[in-house]
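Here's the structure we're looking at; comments come further down.
It should be emphasised that the depicted structure is a prediction, and the values quoted were computed from it without experimental measurement. Just so you know, ligand 1 is whichever comes first in the structure, and atom 1 is the first atom listed for that ligand.
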Amino acid sequence: MGDYAFISDNISSVLENIKFAAQRAKKSPEDITLINVSKTKPIEMLLAAYDSGSRNFGENKVQEIIAKAPLMPEDTVWHMIGHLQKNKVKKAVATAEMIHSVDSAELALLINDEAEKIDKKQKILLEINIANEDTKYGLGLQEVIPLVRQLSKLENIEICGLMCVAPFTEVAEENRVYFKNMHDLLLDINSLKLDNVNMNVLSMGMSGDYEIAIEEGATHVRVGTSIFGERDYAK
Ligand SMILES: *Cc1c(COP(=O)(O)O)cnc(C)c1O
């Protein structure tokens with residue numbers, strides 16, 4: 001495990017940054033969940049992160065959760081953060097604590113059906129295409145509230161909150177407005193006081209911008225590169 005000592009150092013600095021960002025947001029560091037985004041990374045790296053105290057791991061493919069879960073300690077918590085194909089819903093529901101990437105009624109209904117079969121209440125987030133980018137998945141702003149109204153009646157999903165992948169930028173400050181809009185949307189939804197709807201999760205912020213996301217209300221940050229290093233998709 002010696003080769004991966006850098007992981008524990010990286011996690012310490014990320015946690016330190018989270019602590020200060022939480023203070024600026026007048027929150028306690030415990031209010032922020034660090035999701036270790038381990039996609040493409042070998043199990044030894046995940047184990048090193050686990051040994052440094054990490055318990056929450058994020059993957060963007062269900063197959064990768066399925067492959068890694070049996071090799072990790074039982075109390076590892078899995079987050080499905082990538083686009084979810086309909087034929088993978090059953091496996092996602094079987095393994096993920098939270099599915100962050102729900103972006104259609106059809107997908108939510110399938111999740112509800114599969115969760116019902118195994119007597120689970122599946123935690124989900126609605127993915128918002130907050131900067132309205134052609135290249136991104138997610139709901140348009142005007143689609144969100146009607147969808148929440150529709151889904152709130154389902155018994156086997158719990159809509160815990162909202163998720164976004166902000167635009168790629170060298171200047172993290174440019175994403176502040178999107179994080180703020182996410183927070184405003186969450187408050188708008190809660191102010192409708194719909195039955196069964198009380199959202200408190202905002203999954204936003206990645207390696208480049210998680211501190212700003214926390215300042216604007218993120219409760220869950222998804223950090224990959226700053227913990228595990230750059231990803232090599234060519235391998
Ligand atoms: C890969 C990924 C991340 C982590 O990105 P980094 O920039 O490596 O921190 C976060 N969220 C989602 C949805 C991802 O696919």
Side-chain angles (χ1 to χ4, degrees), residues 4 6-18 21 32-42 45-46 48-49 52 54-68 77-85 88 92 95-104 107 123-139 160-176 178-179 182 201-235:
Y4 296 128
F6 74 90
I7 290 178
S8 124
D9 293 343
N10 285 347
I11 290 174
S12 301
S13 6
V14 170
L15 288 175
E16 186 82 351
N17 293 337
I18 289 175
I32 314 294
T33 301
L34 170 61
I35 299 175
N36 296 240
V37 177
S38 47
K39 62 192 186 201
T40 79
K41 297 299 180 183
M45 285 196 172
L46 281 75
S52 308
S54 292
R55 293 294 176 271
N56 289 274
F57 290 82
E59 294 284 347
N60 66 347
K61 292 193 178 130
V62 179
Q63 305 90 289
E64 228 172 308
I65 301 183
I66 305 272
K68 288 171 174 172
V77 178
W78 296 99
H79 296 260
M80 174 55 194
I81 62 174
H83 182 64
L84 180 55
Q85 290 167 300
K88 303 276 165 44
T95 49
E97 164 79 11
M98 193 179 272
I99 299 174
H100 291 229
S101 45
V102 177
D103 62 357
S104 71
L107 185 57
K123 294 185 167 126
I124 66 162
L125 304 178
L126 300 178
E127 180 169 359
I128 315 299
N129 186 353
I130 194 65
N132 211 4
E133 294 174 278
D134 290 340
T135 53
K136 291 244 165 85
Y137 291 106
L139 297 158
C160 299
L162 307 174
M163 175 270 212
C164 77
V165 178
F168 175 78
T169 171
E170 298 288 337
V171 188
E173 194 60 43
E174 289 177 357
N175 281 339
R176 185 182 295 279
Y178 299 121
F179 298 139
M182 288 284 289
V201 173
L202 272 179
S203 168
M204 56 189 196
M206 310 184 2
S207 289
D209 54 19
Y210 65 93
E211 294 165 87
I212 289 172
I214 291 169
E215 288 171 13
E216 297 302 329
T219 61
H220 290 56
V221 292
R222 307 180 311 266
V223 180
T225 308
S226 293
I227 293 174
F228 298 108
E230 297 286 341
R231 285 175 293 273
D232 182 0
Y233 288 101
K235 277 196 295 196

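Shortest non-hydrogen contact noted between Met80 and Ser101 is O-OG, 3.9 Å.
Ring geometry for His79 versus His100: interplanar angle over 60°, hence perpendicular rather than tilted (30 to 60°).
Neither the backbone nor the side chain of His100 has any atom closer than 4.0 Å to an atom of ligand 1 (non-hydrogen atoms only).
Across Val37, Val165, Thr225, Val223, a single residue satisfies side chain to side chain contact (heavy atoms under 4.5 Å, CB included) together with Met206, and that is Val165.
Atoms of ligand 1 found under 4.0 Å from any heavy atom of Val223 (numbered from 1 in listed order, with element): 9 (O).
By heavy-atom distance, the residue among Thr225, Ile81, Val221 lying nearest atom 12 (C) of ligand 1 is Ile81. The option with the heavy atom closest to atom 6 (P) of ligand 1, from among Ser207, Gly205, Ser203, Cys164, is Ser207.
Protein heavy atom closest to atom 15 (O) of ligand 1, with residue, atom name and distance, is Lys39 NZ, 2.6 Å. Ranking protein heavy atoms by distance to atom 5 (O) of ligand 1, first place goes to Met206 CE, 3.5 Å. The single protein non-hydrogen atom nearest to atom 11 (N) of ligand 1 is Arg222 NE, 2.8 Å, given as residue, atom name and distance.
Glu215 and Arg176 are joined by a salt bridge, as a carboxylate oxygen and a charged side-chain nitrogen come within less than 4.0 angstrom of each other.
Applying the salt bridge (Lys or Arg N to Asp or Glu O under 4.0 Å) criterion to Glu230, with sequence neighbours excluded, gives no partner residue. With sequence neighbours excluded, the residues forming a salt bridge (Lys or Arg N to Asp or Glu O under 4.0 Å) with Glu59 are Lys68, listed by chain and number.
Taking only nitrogen or oxygen atoms, main chain and side chain alike, Gly224 reaches within less than 3.5 Å of ligand 1.
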